[in-house]
There are 2 protein chains.
Amino acid sequence: MQPQATSLAALSAYFKNDYFPLTEKEEQALASRFTERSIKRRAFLLQQDEICQYASFVVRGCFKLYAVDQSGKEHILQFAVENEWVTDLASFYAQKPSGVYIEALEPALVLQIKHADLLDLFTHFHKFDRNFRILVERGYIALQNRILQSISANAEERYQNFLDQHPHLANRLPNTQIASYLGITPEFLSKIRKDRVTKV
Amino acid sequence: MQPQATSLAALSAYFKNDYFPLTEKEEQALASRFTERSIKRRAFLLQQDEICQYASFVVRGCFKLYAVDQSGKEHILQFAVENEWVTDLASFYAQKPSGVYIEALEPALVLQIKHADLLDLFTHFHKFDRNFRILVERGYIALQNRILQSISANAEERYQNFLDQHPHLANRLPNTQIASYLGITPEFLSKIRKDRVTKV
DNA sequence: CTGAAGGCTTAACCTAGTTTAAGACTATTT
DNA sequence: AAATAGTCTTAAACTAGGTTAAGCCTTCAG
């Protein structure tokens, strides 16, 4: 669907606030290449074994990106809310089948761009190469911190850290989803929460 | 030190094989901005609380990038061998104190570029913006796989996976270092290795 | 040649986190 | 309004992996 002006404004503002701001020409280039899509709760942006066709910018709502292991358990790698991107980079850039799911946790609205159109944008507008380099750099740094956490902190410390770094998400998401993100069972998260209360 | 021709040739070949190959002009731009440095075994490229001044390309040797937790334990986030980069991106890009160490596991030779010189390279030669975007994308994908592993696989599976993905490293590194990378104790790795032998 | 320092293994004991199961509570659907 | 499906908690039994400690091998500096 043709994107609404308000959605595009959100994307422009995003670049303006956090990256090299776009010229009018560059904004027009966005407008002609992004499409808008509204997603129902529990609908999928991507399912395992599909090729990730779109990079998606979240205008409204909330998504989880997760993998399912042999025993059928979900493992959440990333949440994405307003003004964040949610894409399986491995599948998107190589255009090969994905190993993950991207699912809406709330009714959502996204702006999407196809892989070929993004490459086209990179080719014609130097600034996008640069802005996306920085964007991925920041993602890389965030991931590295997450690995460090998962290796060196116990469950309670990881939970505390999650609360510190994503206070808004802690209220917005059910504990089952947070537990999956932290790599523990909901039952054990429940115990941690209980122990914290009686401790403090 | 002024880089040797052979080191620069390794860096050029690296871009040629895996990225958009460089023109002669771009290669010259590298030559004037990279410096060569040889590192003794157990010497540090970076220590905690220092600012990561250089992005380092490994010409020869092997490094570990690790963090130390409150109880003094090392947690290895990354190994880097020939034709790989080793840099604390968080510290390097933000030019703020690092939370990690980078230490040589073998006598090593690296090519280094300062943050300002790299930005300069990005500004004057579009191709570096692009090549480094792709480089970080690939690093991002590798990290995401690692997180997935650490969340959803048990120690034995992680070890098997390490052997599959880094067969050369498995012979090159002591098991203590591999254990630290896998997030387990050397004793437990020893047990896994024993169980695998008797199992097969 | 010798001693010190790593590195690898084994084994007994310990603990963080899982599993299973059950009950209460809250949303969503019909 | 009832039915259904998800959510949160508690608790007992269990398991993956950690800790401590000891013994043996190799390497390398003096």
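Numbers restart at 1 for each chain; the letters A, B, ... are given by sequence-line order, proteins then strands. Being a predicted model, the structure only gives us computed values, none of them experimental.
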Could you tell me the separation between the [atom1] atom of [X] and the [atom2] atom of [N], rounded to a whole number of Å?
X: A:Glu106; N: C:dT28; atom1: CD; atom2: P; result: 11 Å
X: A:Asn175; N: D:dG6; atom1: CG; atom2: C1'; result: 13 Å
X: A:Arg42; N: C:dT29; atom1: CZ; atom2: P; result: 8 Å
X: A:Glu74; N: D:dG6; atom1: CD; atom2: C1'; result: 13 Å
X: A:Asp195; N: C:dT15; atom1: CG; atom2: P; result: 16 Å
X: A:Leu105; N: D:dG6; atom1: CG; atom2: P; result: 14 Å
X: B:Arg196; N: C:dT9; atom1: CZ; atom2: C1'; result: 16 Å

Is the ring centre of A:Tyr19 less than 6.0 Å from the ring centre of A:Phe132?
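Ring-ring flag for A:Tyr19/A:Phe132: false, centres at least 6.0 Å apart.
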
Just by distance, no angles: are the side chains of A:Gln112 and A:Ser56 close enough, under 3.5 Å, to form a donor-acceptor pair?
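Yes, A:Ser56 and A:Gln112 have a side-chain donor paired with an acceptor closer than 3.5 Å.
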
Is it true that A:Glu36 and A:Ser7 share a donor-acceptor pair across their side chains at a distance under 3.5 Å?
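Yes, because at least one side-chain N or O of A:Ser7 sits under 3.5 Å from a partner of the opposite role on A:Glu36.
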
Is it possible for you to check whether A:Arg138 lies under 6.0 Å from the centre of the six-membered ring of B:Tyr93, through NZ or CZ, and within 45° of that ring's axis?
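So A:Arg138 doesn't make the cation-pi contact.
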
Think A:Arg133 forms a cation-pi with B:Phe122, using NZ or CZ under 6.0 Å from the six-ring centre and within 45 degrees of its axis?
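Yes.
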
Between the first and last five pairs of the helix from C:dC1-D:dG30 to C:dT30-D:dA1, the angle of the axes, rounded to 10 degrees:
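One end axis against the other gives 50°.
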
Using a heavy-atom cut-off of under 4.0 Å over every strand shown, decide if B:Thr176 touches base, sugar-phosphate, or nothing.
sugar-phosphate

Under 4.5 Å between side-chain heavy atoms, hopping through other hydrophobics if needed: is there a path connecting B:Phe57 to B:Leu118?
yes

May I ask you to verify if any side-chain N or O of A:Arg193 is less than 4.0 angstrom from the OP1 or OP2 atom of D:dT9?
yes

Contact pattern, 5' to 3', of nucleotides 17-23 of chain C - B, S or - by protein heavy atom under 4.0 Å:
BBBBB--

So which atom in A:Glu84 and which in A:Ala80 form the shortest heavy-atom distance, rounded to 0.1 Å?
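Between these two residues, the closest heavy atoms are OE1-CA, 3.3 Å.
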
State whether A:Glu26 and A:Arg130 are salt-bridged, where the test is any N-O pair (Lys NZ or Arg NE/NH1/NH2 against Asp/Glu carboxylate O) under 4.0 Å.
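No, A:Glu26 and A:Arg130 are not salt-bridged.
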
Are B:Glu187 and B:Lys191 within salt-bridge range, i.e. N to O under 4.0 Å?
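Answer for the salt bridge query: no.
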
